[in-house]
There are 2 protein chains.
Amino acid sequence: MKDLPPTITTGALPASTKIHVAGQTHDIRVPMREITVAGEAPLIVYDSSGPYTADGAETHISRGLPEVRGGGWLQSRGECEEYPARAVTDADNGFASGSRLTPPFPLQRPPLRATDGRAVTQLAYARAGIITPEMEFVAIRENEGRQAAGARDGEPFGAELPDLVTPEFVRSEIAAGRAIIPANINHRELEPMIIGRNFKVKINANIGNSAVTSSMEEEVEKMVWAIRWGADTVMDLSTGRNIHNIRDWIIRNAPVPIGTVPLYQALEKVGGIAEDLTWEVYRDTLIEQAEQGVDYFTIHAGVRLHMIPMTVKRVTGIVSRGGSIMAKWCLHHHRESFLYERFDEICEIMRAYDVSFSLGDGLRPGCIADANDEAQFAELRTLGELTKIAWAKDCQVMIEGPGHVPMHKIKANMDEQLKHCHEAPFYTLGPLTTDIAPGYDHITSAIGAAMIGWFGTAMLCYVTPKEHLGLPDRDDVKTGVITYKLAAHAADLAKGHPGAQRRDDALSRARFEFRWQDQFNLGLDPDTAREMHDETMPAEAHKVAHFCSMCGPKFCSMRISHDIRAEAERQQGMDKMAEKFREGGALYMPAEEVAAKEGAE
Amino acid sequence: MKDLPPTITTGALPASTKIHVAGQTHDIRVPMREITVAGEAPLIVYDSSGPYTADGAETHISRGLPEVRGGGWLQSRGECEEYPARAVTDADNGFASGSRLTPPFPLQRPPLRATDGRAVTQLAYARAGIITPEMEFVAIRENEGRQAAGARDGEPFGAELPDLVTPEFVRSEIAAGRAIIPANINHRELEPMIIGRNFKVKINANIGNSAVTSSMEEEVEKMVWAIRWGADTVMDLSTGRNIHNIRDWIIRNAPVPIGTVPLYQALEKVGGIAEDLTWEVYRDTLIEQAEQGVDYFTIHAGVRLHMIPMTVKRVTGIVSRGGSIMAKWCLHHHRESFLYERFDEICEIMRAYDVSFSLGDGLRPGCIADANDEAQFAELRTLGELTKIAWAKDCQVMIEGPGHVPMHKIKANMDEQLKHCHEAPFYTLGPLTTDIAPGYDHITSAIGAAMIGWFGTAMLCYVTPKEHLGLPDRDDVKTGVITYKLAAHAADLAKGHPGAQRRDDALSRARFEFRWQDQFNLGLDPDTAREMHDETMPAEAHKVAHFCSMCGPKFCSMRISHDIRAEAERQQGMDKMAEKFREGGALYMPAEEVAAKEGAE
């Protein structure tokens, strides 16, 4: 198969170089982004963008990314083995055929699976006191090249952020269930990352095929584009045709964890009829996707039969797709869902591949009126019970939450989650803090996301401007990712993350010193900042101008501040002189002191 | 002079009609916006957009708006009189001449001024127990057509929001200094509004001429555009040429309070040399602008000499333009500023026209590192002292605040302000909660603005995407206004404003019932919402479709929710039947109860 046309966005971000920090225990190379700054040491920042932003990156998506988690990482443990994969069926791709069938990914490896019912999860290893390569990788990654803590004075609300993350700290957090590394043993292309309250706040971006049709390049590009701007994980929420094959293309090219909602594909397999879903179809789908390398599954096992009547009086009912599908199933069959009843069996699958649970919030509120209601919190308590069951099976777990929640009800969500879900990481959508701004829900939700991130949420699921209105396009995805990056960063600052303020300070120094290029390059979106500056001051000379078009040269407070600083320093020198003189006999006294003396007399 | 080309945006917002509610005591007509909703009562919302959004509005900016606050409102009090205006000098317009001179506004009225040193302020009347037409106007306006309180369960942090605002409540809040109605007696075109912690949170938009040149139509249009989307007040921050004449054009066409920073014009009059500023030039500028009808002045009287050294070690020094100008003056002359020393005399001018003080935060932090520092809070305490002096002269006062403040330091700003400024209304820029997102500072600041609004800030000064980068264009202004409207609304919800949730609920009901047009129309920006929906589902038939392009018909949780609701209601009927049967002898028992019984036995 010949190489596909190069539609994947590659190349370094402005003034940036990809560097790698080697592991001390394991043979790992942890990628980071080094931003060159004029007249200062370069700033090293977290880098989720994968090999695509390496200088001169050549991408052939039909080859997939290098297997950084190759045999050395996984099989050396001797607890998993290759086996013949489940045969791909026509149903897996929604019966697409002929020219409508997305071709399968060219390289098909036999999948790995734990042997003899073992648990090959990071949690199992952590509990056994083993520091895996994944754990050392994320420890190095979280420190962003720092050797010491920076300035911090936040309010952590019980989070305990160490000055520097050590591999042992990572292990202990995972062992305690407070953090997860979503890392399916079949996702060998993964650059591991960690999700937990005592680490940097992460963000997820959702992608999905459009009903119309998408090529595999388009689908891979969506993922590459999202991580270029900072998405830490990507959920593939595709439905309809070709989802098996497209998922393969995505995972083989994904350096970040990929999450899915297996229920969507299961529903496709039964022709979209919720009532026709069965445990067998669902189970088959879990295995199918686990073999492909999906890192976490959203599983709506907390939707129980007796909770459904609690949603009937809601203003917007059930707004989670998975939640509504399972509620319909439960109601139709008048019994508990197979997700709940078969939860043990699901755990057996998860632990065999180390797929992490993302316990779905099927009953999350879809409007301000429904926030923090009986249904929502009843489900949350069930998720807490399921967490304990999953932990007993050595499965990694995070808990999904919020939706639409006004500001004064956000903290209670975090508090309830910590209490009932035993500190398992919280992963929330927004929350949106008002319903009245369709078209701006990235912002209504960034407010809530920053706050709940501060309170302790470990990962924030982004919302794009198109939420409630349509499918996000490329610009919407970027806007959503940048918006959530700044919200997550605001949360890190407020929690007192020891590395967070470095970037604010570096950018602010650049701003004060009129280093415009540095200001752009240190920002989350250098391209947009530069374009906006160009609109009024396009000339290259303007990039060192000691003012901007907002106030013009005469009114530039920063320029005046430099004068003031110089003047104050000069006068401070004078004051010292004056003091000296006074000590020696008041040869000189500043005018206002004379006046004060006269006034007092 | 012939009418100018019609470049002013007019016409109603979608599905909206301007209605008027008559006063009971005074001869006033309070404008509101009624949004038609399919199958529900129309929703009445606050309307700051002025006559421009009336159906069939005809605008001739050379005539100005009707004088709604005509003789009946003002002169009937018999405490002010017309007098010959100060002569406009060439310096007032920056020595623009010939074709570069913006023509003066055609209709020049003699200004009004209090007689015999009286105070004609809303505060003076409130203290005297008088309910002015302005007070009744804002009381009616705040209720948005409500007859009773709606659902609310917020955390008000000490704010006391009544179920319904009465004119007497307005009077008492103003008398206590907790609220202001910025309403210069020379701004007769004003539709009064109130700024205070116990009222709806308001937003301000900044406009200003560009250095290049702007016509008067362009300048008026900036204001009209900002209020169309919801700006409650507009600050004219123009500098350079023609500012006197342009200001006249703006005020004569402005239904909202106009604020300025008189220092900017004073500095122009002395050729841009801060050190050359004098009390005489400044005083002359105050009178010039007071006669024109400016409703509030930002006055940086809190920047004191001894505070300047506190800013020297800051990462970004002094970032307020006015603050840096005054600091430079103080340092150069090595004395307290004339704003501080002549504060009494400034009060005499303010009370004669009822210009409200907006006590400027000249030392606000310009980056995360400088937040809540010694300089910032030292100035705040001085502003509190000045508040008492102004109140003693019956002047209305609000206090300016924030800038860049991380989330965990926001609450302290509100607490300190309440404590040291005696509950005078707080008016804050943002705050921006991180420095790292140039190009997205409307969002970094909306997070902080929503929070500080919740905590008690009465008015939020918007930030546009171009902050730090360049002059905002039309789109930036709209984005900034909508972003701040949603932040202010999120704050109202969280405070428990008794009218806020109506709009969220109406929109959410529309969303749940697939009334797409209603969903667009009830949002803050119907045009953008509709355009986004059109991108994937343009057909008119799609506007009643029972799904959207995000999930498609099969996966629509809302559609499924309707099925669930119907099913649950049907089953509830069945359950009642079943209970009846059981009571009569267990003829029927649901399957899972049988199972439960069997399990228990």
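Reminder, nothing fancy here: chain letters follow the sequence lines and each chain counts from 1.
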Engineer: Please name the pair of heavy atoms, one in A:Thr434 and one in B:His489, separated by the smallest distance, quoted to 0.1 Å.
Structural biologist: OG1-CD2, 3.2 Å

Engineer: If you count heavy-atom pairs within less than 4.5 Å of chain A, which of B:Arg509, B:Arg511, B:Glu513 leads?
Structural biologist: B:Arg511

Engineer: Quick one, B:Val319 with A:Phe512, criterion side-chain contact (heavy atoms from CB on, under 4.5 Å). Give me CA distance, side-chain angles, the key distance, then yes/no.
Structural biologist: CA-CA 9 Å; B:Val319 296; A:Phe512 191 62; 5.9 Å; no

Engineer: What part of B:Pro465 gets within 4.5 angstrom of chain A, counting heavy atoms only: side chain, backbone, both, or neither?
Structural biologist: both

Engineer: Taking all non-hydrogen atoms of both residues, which atom of A:Thr528 and which atom of B:Tyr440 are closest, and how far apart?
Structural biologist: OG1-OH, 3.8 Å

Engineer: Grab the two heavy atoms, one from B:Ala446 and one from A:Ile443, that are nearest each other, plus how far apart they are.
Structural biologist: CB-CG2, 4.1 Å

Engineer: Name, in order of residue number, those residues of residues 150-157 of chain A that have a heavy atom at a distance of less than 4.5 Å from a heavy atom in chain B; otherwise write 'none'.
Structural biologist: A:Asp153, A:Gly154, A:Glu155

Engineer: Closest heavy-atom contact between A:Ser324 and B:Ile560?
Structural biologist: O-CG2, 3.3 Å

Engineer: Using heavy-atom distances under 4.5 Å, tell me whether A:Thr444 contacts chain B through its side chain, its backbone, both, or neither.
Structural biologist: both

Engineer: For chain A, which of B:Leu237, B:Ile318, B:Leu507 has the most heavy-atom pairs under 4.5 Å?
Structural biologist: B:Ile318

Engineer: At a 4.5 Å cut-off on heavy atoms, which part of B:Asp441 comes close to chain A: side chain, backbone, both, or neither?
Structural biologist: side chain

Engineer: Quick one: of A:Gly366, A:Gly439, A:Gly448, who has the most non-hydrogen atom pairs under 4.5 Å with chain B?
Structural biologist: A:Gly439

Engineer: Examine whether an atom of A:Glu531 lies under 4.5 Å from a heavy atom of chain B, and if so say whether it belongs to the side chain, the backbone or both; otherwise answer neither.
Structural biologist: neither

Engineer: Tell me, side chain or backbone of B:Gln519 under 4.5 Å from chain A's heavy atoms, or both, or neither?
Structural biologist: both

Engineer: Calculate, to the nearest 0.5 Å, the distance between atoms CG and SG belonging to A:Asp504 and B:Cys367 respectively.
Structural biologist: 8.5 Å

Engineer: Heavy-atom distances under 4.5 Å only: say whether A:His562 touches chain B with side chain, backbone, both or neither.
Structural biologist: neither

Engineer: Who wins among B:Pro406, B:Gly323, B:Ser508 for the most heavy-atom pairs under 4.5 Å with chain A?
Structural biologist: B:Ser508

Engineer: Please classify the contact between A:Glu535 and chain B as side chain, backbone, both or neither, with a heavy-atom cut-off of under 4.5 Å.
Structural biologist: side chain

Engineer: Could you state the interatomic distance from CG (B:Asp435) to CG (A:Leu522), rounded to the nearest 0.5 Å?
Structural biologist: 11.0 Å

Engineer: Looking at A:Leu493, A:Asp534, A:Thr311, A:Thr433, which one has more heavy-atom pairs under 4.5 Å with chain B than the rest?
Structural biologist: A:Leu493

Engineer: Pick one of side chain, backbone, both or neither for B:Glu567, based on which atoms fall under 4.5 Å of a heavy atom in chain A.
Structural biologist: both

Engineer: If you take all heavy atoms of B:Ala437 and A:Leu524, which pair is closest and at what distance?
Structural biologist: CB-CD1, 4.2 Å

Engineer: With a 4.5 angstrom heavy-atom cut-off, is it the side chain or the backbone of B:Arg503 that approaches chain A, or both, or neither?
Structural biologist: both

Engineer: Under 4.5 Å heavy-atom distance to chain A, tell me which part of B:Ile436 shows up: side chain, backbone, both or neither.
Structural biologist: both

Engineer: Heavy-atom distances under 4.5 Å only: say whether B:Ile308 touches chain A with side chain, backbone, both or neither.
Structural biologist: side chain

Engineer: Under a 4.5 Å heavy-atom cut-off, does chain A meet the side chain of B:Lys495, its backbone, both or neither?
Structural biologist: neither

Engineer: Relative to chain B, which segment of A:Lys409 carries a heavy atom at a distance below 4.5 Å: side chain, backbone, both, or neither?
Structural biologist: side chain

Engineer: When you measure from the side chain of B:Ser557 to the backbone N and O of A:Arg321, does any donor-acceptor pair fall under 3.5 Å?
Structural biologist: no

Engineer: Could you tell me which non-hydrogen atom of A:Trp454 sits nearest to which non-hydrogen atom of B:Met451, and how far apart they are?
Structural biologist: CZ3-CE, 3.6 Å

Engineer: Mind ranking A:Asp476, A:Leu432, A:Ile447, A:Ile410 by heavy-atom pairs under 4.5 Å with chain B and telling me who comes out on top?
Structural biologist: A:Ile447

Engineer: Where on A:Leu331 is there a heavy atom nearer than 4.5 Å to chain B: the side chain, the backbone, both, or neither?
Structural biologist: both

Engineer: Counting distance only, does the side-chain N/O of B:Arg565 pair as donor-acceptor with the main-chain N or O of A:Arg314 below 3.5 Å?
Structural biologist: yes

Engineer: Report which part of A:Leu486 has an atom under 4.5 Å of a heavy atom belonging to chain B: side chain, backbone, both, or neither.
Structural biologist: both

